[in-house]
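Written out below as structure tokens is the structure these notes cover.
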Protein chains: 2
Amino acid sequence: MQISSRFTLAIHIFACIDTFGDSQKVTSDFLAASTNVNPVIIRNILGQLRRAGLVEVTRGSGGASIAKPLDQITFLDIYNAVESVEDGRLFHFHENPSLQCPVGRNIHHVLDPRLWQVQSAMERELRSITLADIRNDLKAYLE
Amino acid sequence: MQISSRFTLAIHIFACIDTFGDSQKVTSDFLAASTNVNPVIIRNILGQLRRAGLVEVTRGSGGASIAKPLDQITFLDIYNAVESVEDGRLFHFHENPSLQCPVGRNIHHVLDPRLWQVQSAMERELRSITLADIRNDLKAYLE
DNA sequence: CCATGATGTAATATCAATTTTTACAACCAG
DNA sequence: CTGGTTGTAAAAATTGATATTACATCATGG
């Protein structure tokens with residue numbers, strides 16, 4: 001199962017605010033047009049990013065801005081903000097292994113550390129990429 | 001969004017075959033009892049593992065066995081066998097970013113290599129864990 | 001050779017999460 | 001106070017996972 005598109009949408013949103021924020025007001029309708037998703041989806045993601053302290057959104061007059069320097073916002077910050085999985089676990093464990101079975105009784109003890117090991121590797125990589133990297137990469141394409 | 005429980009189920013299945021396969025026939029009903037999921041789910045996963053060359057399942061008389069030495073089956077082999085995502089991509093990209101928008105037009109070029117970078121880190125970690133590790137860990141609990 | 005107990009698979013139902021869409025109250029600025 | 005915007009709720013549509021029923025197919029022991 002794939003990680004939801006809210007993650008790539010959020011990065012797209014940041015790229016738009018960074019690119020267009022100086023010259024115009026970046027509203028949810030503007031972002032909806034650029035991403036081709038419904039404005040309500042944009043507003044919900046902006047809400048998650050706002051509660052995580054990554055963007056500021058002004059009610060009434062409208063428009064969003066980025067709350068921190070780009071090199072201080074990592075992919076992991078964004079991932080954690082928009083990908084709200086229970087307990088923050090990447091892997092879904094089958095719920096009720098049999099306690100009558102020696103394997104079923106111990107599979108969690110055995111597997112949990114290994115699953116964390118994998119998830120940690122992914123999070124480490126997510127933490128190593130910042131929005132400043134994206135700005136740099138994008139700048140090369142925009143010229 | 002989480003990775004489906006088919007992955008942890010598959011590992012549970014391997015652990016059962018390895019633990020009980022010598023002393024008894026390991027059927028889909030047996031595995032369904034140990035994992036507490038429906039036997040058809042087990043049979044479907046066994047089918048995916050069989051097509052990936054990781055297990056052998058005998059029709060008619062019944063029972064499953066492991067097709068390779070445990071240290072030659074990695075978590076990545078299992079993950080790829082049971083987690084059938086289109087294109088094998090971990091991240092779901094929003095489908096139709098606007099080609100009218102400079103950001104929308106380039107977001108894929110910018111983001112795709114970064115997403116692969118993250119996915120590769122995860123796959124590298126999955127590749128580093130084998131079923132032999134799980135047998136070792138489980139043995140400590142079974143004694 | 002057939003009765004039994006398995007597997008393989010299709011079909012359907014249920015459930016959960018995502019995504020879309022409509023609607024509207026709250027809000028701010030000119 | 002009017003126009004454009006955000007925040008949010010609610011409902012529908014969509015998708016994928018999981019459960020369940022059903023049955024054809026298969027191997028084997030009696």
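Straight-line distance from the CD1 atom of B:I3 to the P atom of C:dA17: 16 Å, rounded to whole Å. Taking atom CE of A:M1 as the reference point, atom P of C:dA17 lies 9 Å away to the nearest angstrom. Between the CZ atom of B:F91 and the P atom of C:dT18 there is a distance of 15 Å, given to the nearest Å. The CD atom of B:E95 sits 12 Å away from the C1' atom of C:dT18 (whole-angstrom rounding). Going from atom CD1 of A:I45 over to atom P of C:dT19 covers 8 Å, rounded to whole Å.
Between A:F7 and A:F75, the two ring planes are perpendicular [angle over 60°; tilted spans 30° to 60°]. Under the 30°/60° scheme for interplanar angles, the aromatic rings of B:F20 and B:F30 are found to stand perpendicular.
Between A:L126 and A:T74 the shortest side-chain heavy-atom distance does not fall below 4.5 Å.
With values rounded to the nearest 0.5 angstrom, B:E125 atom CD is found 11.0 Å from A:E125 atom CD. Expressed to the nearest 0.5 Å, how far CG of A:L90 lies from CD1 of A:I3 amounts to 6.0 Å.
In this structure, B:D137 pairs ionically with A:R114, as a charged nitrogen and a carboxylate oxygen lie closer than 4.0 Å.
Remark: B:S4 pairs with B:E83 by the side-chain hydrogen bond (donor to acceptor under 3.5 Å, both in side chains) rule, at least two apart or across chains.
Along DNA chain D, the stretch of nucleotides lying under 4.0 Å from any heavy atom of chain A spans, 5' to 3', D:dG4 to D:dT18.
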(request) Sugar-phosphate atoms are those with a prime plus P, OP1 and OP2; base atoms are the rest. Using that split, label each nucleotide of nucleotides 20-30 of chain C B, S or - for protein heavy atoms under 4.0 Å, 5' to 3'. (result) BBBB--BBSS-
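There is no path of hydrophobic side-chain contacts, each under 4.5 Å, that joins B:M1 to B:L111.
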